[in-house]
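Notes to accompany the following structure.
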Amino acid sequence: MFSAADTGFMALALQLAELGRYTTSPNPNVGAVIVKNGQIVGRGYHKQAGGPHAEVFALQEAGSDARGATCYVTLEPCSHHGRTPPCAEALVAAGISRVVIAMQDPNPQVAGKGAAILRNAGMQVDIGLLDTQARALNLGFLSRMERQRPYVRLKLAASLDGRTALANGDSKWLTGEAARADVQHFRAQSCAVLSTATTVLADNARLNLRAEQLQQDIGRLDSGELRQPKRVILDRNGLLKHDLAIFSDGGEVLLCVRKLENDRQLPNIARQIHCPLNNDAQFDIAALLQHLALREQVNTLWVEAGATLAGTLLQLKLVDELIVYLSPKLLGNAAQPLAVLPQYTALTQVPELSWSDIRLVGQDIRLTANLL
């Protein structure tokens, strides 16, 4: 069904889609390439939620050359009127003759409907070229649509002996400057950062996106295009006060509370959300993740917290990726652990992981693993 040329053009569309990974949330990353007589006449990618989609930019560049051409697009063209008109109808109006789609859109508003519009207009529609690569570009969007919860990345920093802080809590700076800059790239690609009031209070943490620490690969972006991820803070006992640094940068802060307090004095950027308790009288994290996906449109959730929340997420199997920055330091057995987990009695009980990436980041090692 697909030729070598098809594969090459779709690979280019995937590269274009990746350019939007810092700015499209909560929309997916999408790239498009229009080809006529073997020559590229238009290309585009979705740059920002609310703005034109990839196909629109590609059609604008192609102009009249779009008639009779083939469009390669990494995600099924949309079929509904949202903040922009349907891309499927734009392709029909432009006279495209064939559309090659990497993967079907899992959004119920679109799934199969965009392709149907194209076929009903007499176009040849082929789906499934480099679909695995296309899925990898939109893990968060797919998780929100298919599982009704965000794609969760749990970040931890540890010494070589697996400790996160000295017994007195001192952990600044356990990892180096390069690792801290690397974290900024993950925050920039996340819709929200999850942490706890305890973690925020320990260092008066902002948990925000710091453009000055981002490296050159997103230097092309205007500062206005980068948006602060939401900070989602488990604030069970109402500990966070309005004078903390986390409330000073203009980014939205969601405080997860047991009970909404109408008289609580909070800055305008802060909002309380009710988080139900589980049978152990602790926050129901699974319910919170579902709320974040369905109500807050969070695709990817970046978790920076202590050993207790890390252990809870791991035990509940709510972690999709575990990212550990391993520092060339030894803190000793009295130092604080990586995650609070139960005392297992057999190796068959312990969480199992699969390495997906291992690399040096400055003087630290970044370990990435997926839970099995």
Side-chain angles (χ1 to χ4, degrees), residues 25 150 153-157 164-175 177 179-214 223-277 281-285 288-289 291-292 295-298 300-310 312-313 325 336 340:
S25 174
R153 290 188 171 105
L154 171 61
K155 171 260 178 181
L156 295 166
T164 60
L166 297 176
N168 63 7
D170 184 16
S171 63
K172 194 174 184 177
W173 295 100
L174 182 59
T175 55
E177 185 177 344
R180 296 195 294 275
D182 196 56
V183 166
Q184 290 295 313
H185 287 267
F186 284 106
R187 285 185 187 174
Q189 295 177 68
S190 303
C191 299
V193 176
L194 174 65
S195 192
T196 66
T198 301
T199 297
V200 171
L201 291 171
D203 298 315
N204 196 15
R206 295 176 183 269
L207 298 173
N208 63 342
L209 182 60
R210 297 160 198 160
E212 68 275 8
Q213 284 187 295
L214 293 169
S223 58
E225 289 181 290
L226 287 172
R227 43 105 187 102
Q228 287 288 347
K230 297 178 181 181
R231 275 73 55 80
V232 182
I233 311 299
L234 303 182
D235 190 21
R236 178 185 174 90
N237 297 313
L239 299 177
L240 299 191
K241 307 303 180 184
H242 70 278
D243 57 346
L244 291 168
I246 197 170
F247 298 121
S248 66
D249 63 9
E252 189 174 19
V253 180
L254 305 182
L255 300 178
C256 304
V257 298
R258 291 179 295 176
K259 183 179 179 181
L260 300 178
E261 300 177 29
N262 295 328
D263 58 348
R264 186 174 179 182
Q265 299 298 312
L266 292 170
N268 292 335
I269 65 169
R271 176 160 52 93
Q272 298 178 95
I273 58 173
H274 173 255
C275 185
L277 303 181
Q282 302 297 319
F283 278 138
D284 187 335
I285 303 299
L288 172 62
L289 295 186
H291 172 91
L292 292 176
R295 301 293 296 275
E296 305 292 341
Q297 290 190 302
V298 172
T300 304
L301 183 67
W302 178 253
V303 183
E304 293 189 39
T308 301
L309 180 56
T312 297
L313 288 166
Y325 293 90
Q336 298 183 17
V340 175

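Starting from 1, each residue takes its place in the sequence as its number. In what follows, every heavy atom counts, from backbone to side chain, and hydrogens, waters and symmetry copies are set aside.
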### Query
Side-chain contact, heavy-atom cut-off 4.5 Å: Cys275 with His291?
no
### Message
Checking Lys155 now: which residues fulfil side-chain hydrogen bond (donor to acceptor under 3.5 Å, both in side chains) with it, not counting sequence neighbours?
### Response
none
### Message
Does Leu194 form a side-chain contact (heavy atoms from CB on, under 4.5 Å) with Leu288? I'd like the steps, not just the answer.
### Response
CA-CA 11 Å; Leu194 174 65; Leu288 172 62; 4.3 Å; yes
### Query
Residues in side chain to side chain contact (heavy atoms under 4.5 Å, CB included) with Leu239, at least two apart?
Ala197, Leu201, Asp235, Asn237
### Task
For Ser248, check side chain to side chain contact (heavy atoms under 4.5 Å, CB included) against everything at least two apart and list the hits.
Arg206, Ala245
### Message
Going by side chain to side chain contact (heavy atoms under 4.5 Å, CB included), name the residues that satisfy it together with Thr198, two or more places apart in sequence or in a different chain.
### Response
Thr196
### Task
Under the side chain to side chain contact (heavy atoms under 4.5 Å, CB included) rule, collect the residues that match up with Thr175, sequence neighbours excluded.
Ala157, Ala179, Arg180, Tyr325, Ser327, Asp364
### Task
Give, for atom CD of Glu296 and atom NZ of Lys230, the distance between the pair rounded to the nearest 0.5 Å.
4.0 Å
### Summary
Sequence neighbours excluded, the answer for salt bridge (Lys or Arg N to Asp or Glu O under 4.0 Å) partners of Arg187 is Glu304
### Distance, nearest 0.5 Å, that separates CD1 of Ile246 from OG1 of Thr199
10.0 Å
### Approximate separation, where rounding is to 0.5 Å, of Gln184 CD and Gln189 CD
12.0 Å
### Query
With a 4.5 Å limit on heavy-atom distance, are the side chains of Val193 and Leu209 in contact?
no
### Asn168, CG: over 12 other non-hydrogen atoms inside 6.0 angstrom
yes
Got a list of side-chain donor-acceptor pairs under 3.5 Å for residues 251-262, not counting sequence neighbours?
residue : atom : partner : partner atom : Å
Glu252  : OE2  : Arg271  : NE           : 3.0
Glu252  : OE2  : Arg271  : NH2          : 2.7
Arg258  : NE   : Arg236  : O            : 3.4

### Message
For a quick test of reading the model, state the closest non-hydrogen atom pair linking Asn208 to Arg210 and the distance between them.
### Response
OD1-NE, 2.8 Å
### Summary
Applying ring-ring contact (aromatic ring centres under 6.0 Å, His included) to Phe186 and not counting sequence neighbours gives Trp302
### Query
In Å, rounded to the nearest 0.5 Å, how long is the span from CG of Leu240 to CG of Leu266?
8.5 Å
### Query
How many angstroms lie between atom CG of Leu309 and atom CD of Gln282, to the nearest 0.5 angstrom?
11.0 Å
### Message
Distance check, rounded to the nearest 0.5 Å: Arg227 atom CZ versus Ser25 atom OG?
### Response
4.5 Å
### Message
Is there a side-chain contact between Leu289 and Val298 in this structure, where contact means two heavy atoms from C-beta onward sitting under 4.5 Å apart?
### Response
no
### Message
Is it the case that over 12 heavy atoms from other parts of the model lie below 6.0 angstrom from the NE2 atom of His274?
### Response
yes
